[in-house]
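Presented below is the structure to which this report refers.
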Amino acid sequence: MSVVPPVDSGVDISATLLAWYDAHHRTLPWRAAPGTPAPAPYRVWLSEVMLQQTTVAAVKAAFLRFTTRWPTVADLAAADDADLMAAWAGLGYYARARNLLACARAVVADHGGRFPDTEATLRALPGVGAYTAAAVAAIAFGRRAVVVDGNVERVVTRLFAIEQPLPAARPAIRAATDIITPDTRAGDFAQAMMDLGATICTPRRPACAICPLRIGCAAVRTADPARFPVKAAKTARPERHGAIWWIERGDAVLLVRRPARGLLGGMRALPTGDWTDTPPDDPPPLQADWTALPGTVTHVFTHFRLTLTVFRTVVIRDIAPELDGVWWPRATLADAGLPTLFAKAATLAMESPR
DNA sequence: GACCCGTGGGA
DNA sequence: TTCCCAAGGGT
């Protein structure tokens, strides 16, 4: 694939951007200042996985929490599965947490506890895709790698005024990024592109007037730079309904573990039935005097919207073993590591009058 | 390529 | 309220 820079301005894009980065880079817990030694590969990798589809603001606290509790990849590899999943609760995309653990254990078992230092070898690790492999190779190991994330897609489609819609435009975007990626400081260049995308070349109302790359940018010469990247039309989000079962016994509530794969896989949860396109009529998990609580719990996932009714009951008998659950003290439910959906349901259950 | 997979914040 | 968006990866 060949891509021709659209504006022959005589400006060296990477040199201009790196100079801007040296003066205006963001300070972040996982990042080293330009000109200082690179952070440990473990910290670069951990931050990159956390940042997948997740905001910088949300990752900051999680990164500090994880690195305090598990300072090295060996510490993380030795972590208890349930502890790690609970620590990840609230961050979403829980397959990342499962792969995080699998990756740490692979680094210890297959690489002597040291991260491999090439893009191809990194790419073979669980949870490490094209983006993360390139980012770690460039940022942690100083390799030249073509790093393309959502920020880079936006900056590059504007810089080159790429009209082709996503996702079909990805090969062209990658080729264009390759052209402007420098042979040295590729890690700083990648982070500079992300900082530019996060602070100036933003999705809406980009600050073109103060952009260091405006001289070489094709989109800024058009009526509406913000229309890049062009995206394919998306479909409507379907609606689903279901029931949640709140089962009390003494000072405790019954929690179960969700199946390892799939939605909210491997996480602690409240018992729930099927989620279907119409309100279900599921039988409760046990015969009891159930109360349907007033109100509902709504939660929006990537690809559907869920509305749940919470049913509450109190039992005397220990039914936890037969339901494959545990009795968790209600007073410490915040420590159970429940995904947000179940935390919402728990709040409704505990605040509903009896 | 299409689809699945969370969450919180901002416009 | 609704929609969009955020340092993607796996299947």
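Within every chain, numbering begins at 1; the chains are lettered A, B, ... in the order of the sequence lines, protein sequences first and strands thereafter.
- Residue Ala168(A) is classed as a sugar-phosphate contact, given heavy-atom separations below 4.0 Å to backbone atoms only.
- Among the protein residues, Leu264(A) comes within range of the sugar-phosphate backbone only, with heavy atoms under 4.0 Å from sugar or phosphate atoms but none that close to a base.
- Counting any heavy atom pair closer than 4.0 Å across all strands shown, Gly265(A) reaches no nucleic acid atom.
- Listed here is the closest heavy atom pair of Phe66(A) and Ala87(A): CE1-O, 3.6 Å.
- Between Arg143(A) and Asp183(A) no salt bridge is recorded (no basic side-chain N to carboxylate O distance below 4.0 Å).
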Q) Can you list the steps and then say if Phe311(A) with Trp246(A) is a ring pair (Phe, Tyr, Trp, His ring centres under 6.0 Å)? A) CA-CA 6 Å; Phe311(A) 294 87; Trp246(A) 177 269; over 10 Å; no
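- Between dT1(C) and dG8(B), the two C1' atoms lie 16 Å apart (nearest whole Å).
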Q.
Working note: Arg105(A) + Asp81(A), criterion salt bridge (charged side-chain N to carboxylate O under 4.0 Å, His left out); need CA distance, chi angles, decisive distance, verdict.
A. CA-CA 12 Å; Arg105(A) 289 171 179 167; Asp81(A) 290 59; 3.2 Å; yes
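- The environment of CG in Asp251(A) is sparse: at most 12 heavy-atom neighbours from other residues, nucleotides or ligands sit within 6.0 Å.
- Comparing dA7(C) with dC5(B), their P atoms sit 23 Å apart, to the nearest whole Å.
- Nucleotides dG8(C) and dG1(B), compared at atom C1', are 16 Å apart to the nearest Å.
- Applying the 6.0 Å contact sphere to CG of Asp80(A) captures more than 12 heavy atoms from other residues, nucleotides or ligands.
- The environment of Arg114(A) atom CZ is sparse: at most 12 non-hydrogen atoms of other residues, nucleotides or ligands sit within 6.0 angstrom.
- The nucleotide range of DNA chain B contacted by chain A, defined by atoms under 4.0 angstrom from heavy atoms of the protein and reported 5' to 3', is dG1(B) to dG8(B).
- Tyr94(A) and Ala89(A) get closest at one heavy-atom pair: CE2-CA, 3.9 Å.
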Q) For nucleotides 6-11 of chain C, read 5' to 3', which letter fits each nucleotide if B means a protein heavy atom sits under 4.0 Å from the base, S means only the sugar-phosphate is that close, and - means neither? A) BBBSS-
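- Heavy-atom nearest nucleotides on DNA chain B were determined for Arg204(A) and for His303(A), and the one closer to the 5' end corresponds to His303(A).
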